[in-house]
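Just so it is clear: chains get the letters A, B, ... in the order the sequence lines come, proteins before strands, and each one is counted from 1. All of these numbers come straight from a predicted model, not from anything done at the bench.
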There are 2 protein chains.
Amino acid sequence: MTSNRSVPTLYDVAKTAGVSTATVSRCLNSPEQVVEHTRKRVLEVVHQLGYTPNFGARAMAAKRTYTIGAVIPTMENAIFARGLQAFQEELRARGYTLLVSSSAYDPQIEEEQIRALIARGADGLLLIGHDRTETVAEYLEKQGTPALAAWSFEEKGALPSVGFDNRRAMQALAEEVLALGHQRIGVISGITSGNDRARRRVEGIRDAVAGAGLAENCVTVVETPYDIANGADAFATLMHAADRPTAVMCGNDVLAAGALKAAREMGVCVPHDVSVTGFDDIELAGILSPSLTTVHVPHREMGRKAAQALMSMVQHGTSGKTALLETHVCLRGSLAAPGGL
Amino acid sequence: MTSNRSVPTLYDVAKTAGVSTATVSRCLNSPEQVVEHTRKRVLEVVHQLGYTPNFGARAMAAKRTYTIGAVIPTMENAIFARGLQAFQEELRARGYTLLVSSSAYDPQIEEEQIRALIARGADGLLLIGHDRTETVAEYLEKQGTPALAAWSFEEKGALPSVGFDNRRAMQALAEEVLALGHQRIGVISGITSGNDRARRRVEGIRDAVAGAGLAENCVTVVETPYDIANGADAFATLMHAADRPTAVMCGNDVLAAGALKAAREMGVCVPHDVSVTGFDDIELAGILSPSLTTVHVPHREMGRKAAQALMSMVQHGTSGKTALLETHVCLRGSLAAPGGL
DNA sequence: GCGCAAAATGTAAGCCGTTGCATTAAGTTA
DNA sequence: TAACTTAATGCAACGGCTTACATTTTGCGC
């Protein structure tokens, strides 16, 4: 049997404390406007009654919620975790609450979640990447809710962005791979449709290959959802092909973890028989064996900067300055010259 | 420059369609009450104006939001990811939206987040574990918002729970370890203060030790936050002690991953020189080498059942039936008899 | 002790939906 | 066609808070 005492309202507090609702409201929102002893008394009553402002009412009256929403593709792996954590810490320090929801990499669900978050009064939105339908852009525009795209830098995107250049980052890694003499590159990419990060990374590899003067068909790409098991399957597929690659570049560390697992199970030695690389440099990369060559992404810095940029959009209505972050290649044990040379 | 057209309201729609606000509201919420041609006209206007109901106003008027909140200790590792994903899927199928926030294992922040979510109108709450102050319990009671504790089953907890018995689960694993002949057990636990799961797991180990007739001081416990790096440090600490343990049991797979990493770096061979175990059986466990002996937790099932239980509390006001899920020990390469016997 | 500016507090008008109840339109039956 | 039932719609109160503006207190200089 749940309690029947109804939740106390501003009015209850005001009555009990013997002041007007306006004063109570001010005690909560701009305490400096209320004289010490009044404030103290009111806050006491607030505490005593266990009063919490009704959010809906507040949002309606004030038109802001001190809430930031984020829609990320997945919570299932750690790709976004660290950046999001930093993002949240920064927001919290400024009195904002972060609400997260995930889209399972489904544009339809993403749109739903965006609407849900905006409807719930989010003052600003953090989204991942730039691939999004016209509808969404229009909706955001119309609602006038500032939104920022992260994990991917795009000069001319529909949204201002804080992120890195996925294409160049992967290109740099591919150049290292090619410099070692690899000539047949297998690529395990995430699903590129609706995912600009994944697409750009593949492009980066092709850039490097072209830059090295190799033929396009040196590269074999397999697309699969980001997931360890899928990475393992894709690796097996690549290794069973007629022309085994000597290096397998993965779209992220999770896929690479799967590739390494499959290699171990197939008795393929990394890096002697085949090299494997990842992308993201999540903590996972360091505990694999061999440890994973990958691209380091400054997740925490990205989260922090994204928060700052979004805050400034929300608070000062600025149009949001984009920020391009640097990544760097992390050479580790999983990459070597072909044939163990 | 953002758009100035203000967001259309119910009133705008009503005016444009030439009906009352009540009729528009009914078109949206109980269409069967409105005659076909009126409904059609209204919905057309809704679409044309791009109208979205104001959530705050709706929540205030209707007193429900079709939103469920979850406060989890961390998003940084995958411990809660899979279960939460299943939880969300189940909710979504029933027309509910899930909003997640994280507490960084800080009770203070957890309380803040609970309030934030309830204030935002969450119809129900998913919390992790049972350690929570009196204040929180009272608050939840007073607000009359149903809440469910997951990841930990407790018959007599303040909240109904869907989860497993952390103590027995770990005890079962410890019994396997002891059966192999280990007599000095190192334990790397998460911080037990405010974390009943961590505490119960340590208790489970002690139960097993006592059950095997060994002295209490066979067990050395180190507490550290859940994190790969901390797991590594703790492992080093344990191995540098006078009486090296022959088996190190970790509070979860993440700590165990750190332990394995440290072992590799220290040149300690697992399982020959020392055995290592984890808890949770997250995907990580399968890609480590040696692969990790751990306790398998049915994450997806737990998420699904939690959603069902919470939904029934929210929708029918039932008091919430608790559910105890089964776990099982997963024996893998990281555990062997002491001294490689 | 008076007059006045500044500080503190109060008053009341929204904000945008939902819904109980009243009213009107439509449909049925004799 | 009158009388009456039922379906469709409208009216308006209400929910809890913020804030512009009005009013009362306080503090200070003379």
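- Within a 6.0 Å sphere centred on OH of A:Tyr66, other residues, nucleotides and ligands contribute 12 heavy atoms or fewer.
- Between B:Leu10 and B:Asn54, the closest side-chain pair of non-hydrogen atoms is not below 4.5 Å.
- More than 12 non-hydrogen atoms from other residues, nucleotides or ligands lie less than 6.0 angstrom from NE2 of A:His316.
- Between the side chains of B:Arg120 and A:Thr67, at least one donor N or O sits under 3.5 Å from an acceptor N or O.
- Counting to the nearest Å, the P atom of D:dT9 and the NZ atom of B:Lys40 are 15 Å from each other.
- Under a 4.0 Å N-O distance rule, the pair A:Glu301/A:Lys305 qualifies as a salt bridge.
- Residue B:Gln315 places its CD atom among more than 12 non-hydrogen atoms of other residues, nucleotides or ligands, all under 6.0 Å distant.
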Exercise. Can A:Glu36 and A:Lys40 be said to form a salt bridge (charged side-chain N to carboxylate O under 4.0 Å, His left out), step by step?
Worked result: CA-CA 6 Å; A:Glu36 164 98 30; A:Lys40 209 180 136 199; over 6 Å; no
Where do N or O atoms of nucleotides 15-19 of chain C meet protein N or O atoms at under 3.5 Å, pair by pair?
from	atom 1	to	atom 2	distance (Å)
C:dG17	OP1	B:Tyr51	OH	3.2
C:dG17	OP1	B:Asn54	N	3.4
C:dG17	OP2	B:Leu10	N	2.6
C:dG17	O5'	B:Tyr51	OH	2.9
C:dG17	O5'	B:Asn54	N	3.4
C:dT18	OP1	B:Asn29	ND2	3.0
C:dT18	OP1	B:Arg58	NE	2.9
C:dT18	OP1	B:Arg58	NH2	3.4
C:dT18	OP2	B:Ser25	OG	2.6
C:dT18	OP2	B:Asn29	ND2	3.2

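- A:Gln88 and B:Ser102 share a side-chain donor-acceptor pair at under 3.5 Å.
- For the pair A:Glu32 CD and C:dA6 P, the computed distance is 18 Å after rounding to whole Å.
- Across the protein-nucleic acid pair, B:His37 atom NE2 and D:dA7 atom C1' stand 12 Å apart, rounded to whole Å.
- The distance from atom CG of A:Asp12 to atom P of D:dG16 is 8 Å, rounded to the nearest whole Å.
- Axis angle across the helix from C:dG1-D:dC30 to C:dA30-D:dT1, with five pairs used at each end and values rounded to 10°: 30°.
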